[in-house]
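Residue numbering restarts at 1 for every chain, and letters A, B, ... go by the order of the sequence lines.
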Number of protein chains: 2
Amino acid sequence: MKTEEKKIEKIYHQAEECPITVFMEQIGGKWKPVIIWVLLLNEVMRFNELDKAIKGISQKMLSQQLKDLEKINIINRKSYPVIPPKVEYRLTKKGKSLKENLTKIMEWSNQNLK
Amino acid sequence: MKTEEKKIEKIYHQAEECPITVFMEQIGGKWKPVIIWVLLLNEVMRFNELDKAIKGISQKMLSQQLKDLEKINIINRKSYPVIPPKVEYRLTKKGKSLKENLTKIMEWSNQNLK
DNA sequence: TAATATACTTACTAAATCGTAAGTACTTGT
DNA sequence: ACAAGTACTTACGATTTAGTAAGTATATTA
């Protein structure tokens, strides 16, 4: 009885600041993983290229998600002062380090989901 | 030019039925990964135990998410016809096979996020 | 002169997700 | 007679997330 209570308590604390939750909040969602994946396949991409490459995303969503990912240092934005504008996006080192994780998730998903 | 167009087209198709998106839809979200994680740490858990173990979750959310995870065969629900009711939840083989993925995500998150 | 190109932003609407509080069913213990 | 225990469900409202459509800036091209 006592031991069981303690066991649950331990899990409780682990779930509290769960790193997986943090991950899902920052890298999860409908568009972020796809953006990262597309940038893993293509070193450098411009806004329009990303827009075309990612089916169904709107410009609003794309720009928003890119901003979010830039903030947490997953992608790098390089803009050239030309007209018409030119902006390049690429993954940072941190962003690239997600490759193994995303590949594993992809494999698991292919084998196990619908 | 032509080759570049083709390249993007290829990525487009890969993004189309993206397995990562499927994964996020089915295993992602605010509570599902945590539920799975807690069940990875504790082979068998009852409803109330899960409720206590997962900070902040409501009974409604818990029961909803458990149902979702049962549908895609990640967890198994075993109910005993007793009063007061007793229901046991445990991961299926498929559910357990998520361990490596979640562990890797946890590690990456600990090293790279906030 | 007007359309084109690029990388956005803004305003508004719709849909999905989440949270709170209360209720249900049934038996055992006080 | 009434509270306690267990595993939920239901109704409602709030919050978050996503989608649509239009607009902005400015040089180049037709």
(request) Would you mind reading off the bend of the helix from C:dT1-D:dA30 to C:dT30-D:dA1 from its two end axes, five pairs each, to 10 degrees? (result) 30°

(message) By the ring pair (Phe, Tyr, Trp, His ring centres under 6.0 Å) test, which pairs, at least two apart or in different chains, include something from residues 81-101 of chain A?
(response) none

(message) Under 4.0 Å, heavy atoms only, any strand: does A:Y89 hit a base, just the sugar-phosphate, or nothing?
(response) sugar-phosphate

Under the rule for side-chain contact (heavy atoms from CB on, under 4.5 Å), what residues qualify as partners of [X], not counting sequence neighbours?
X	answer
A:E100	A:K104, B:K104
B:S109	A:P19, A:V22, A:F23, B:L113
B:Q64	B:K60, B:M61
B:K67	none

(request) Look at the side-chain N and O atoms of B:S63 and state whether any lies under 4.0 Å from the OP1 or OP2 oxygen of D:dT9. (result) yes

(request) Verify the contact: side-chain N or O of B:R46 to OP1 or OP2 of D:dG5, cut-off strictly under 4.0 Å; return yes or no. (result) no

(request) Could you tell me whether the side chain of A:M45 reaches within less than 4.5 Å of the side chain of A:L39, counting heavy atoms only? (result) yes

Rounded to whole Å, how long is the line connecting atom [atom1] of [X] with atom [atom2] of [N]?
X	N	atom1	atom2	answer
A:K52	C:dA7	NZ	C1'	12 Å
A:K78	C:dC8	NZ	P	15 Å
A:D68	D:dA18	CG	C1'	13 Å
A:D51	C:dT6	CG	P	11 Å
A:K67	C:dC8	NZ	P	8 Å
A:E25	D:dT17	CD	C1'	14 Å
A:L62	C:dT9	CG	P	10 Å
B:Q64	D:dA11	CD	C1'	13 Å

(message) Nearest to the A:N48 side chain among C:dT6, D:dC8, D:dT9, which nucleotide is it?
(response) C:dT6

(message) From C-beta outward on A:W31, which listed nucleotide comes closest to its side chain: D:dG19, C:dC8, D:dC8?
(response) D:dG19

(request) Heavy atoms under 4.0 Å is the rule here; annotate nucleotides 20-30 of chain C 5' to 3' with B where the base is hit, S where only the sugar-phosphate is, and - elsewhere. (result) B-----BS---

(message) Taking the nucleotide of DNA chain D with the nearest heavy atom to each, does A:K30 or B:K86 sit closer to the 5' end?
(response) B:K86

(message) Show me the pairs that pass salt bridge (Lys or Arg N to Asp or Glu O under 4.0 Å) and involve residues 21-37 of chain A, at least two apart or across chains.
(response) A:K32-A:D68

Pairs of donor and acceptor atoms involving the side chains of residues 76-85 of chain B, under 3.5 Å and at least two apart or interchain, shall be tabulated with distances.
| residue | atom | partner | partner atom | Å |
| --- | --- | --- | --- | --- |
| B:Y80 | OH | B:E88 | OE1 | 3.0 |

(message) Applying the side chain to side chain contact (heavy atoms under 4.5 Å, CB included) criterion to A:I105, which one of B:I105, B:L98, B:I27 satisfies it?
(response) B:I105

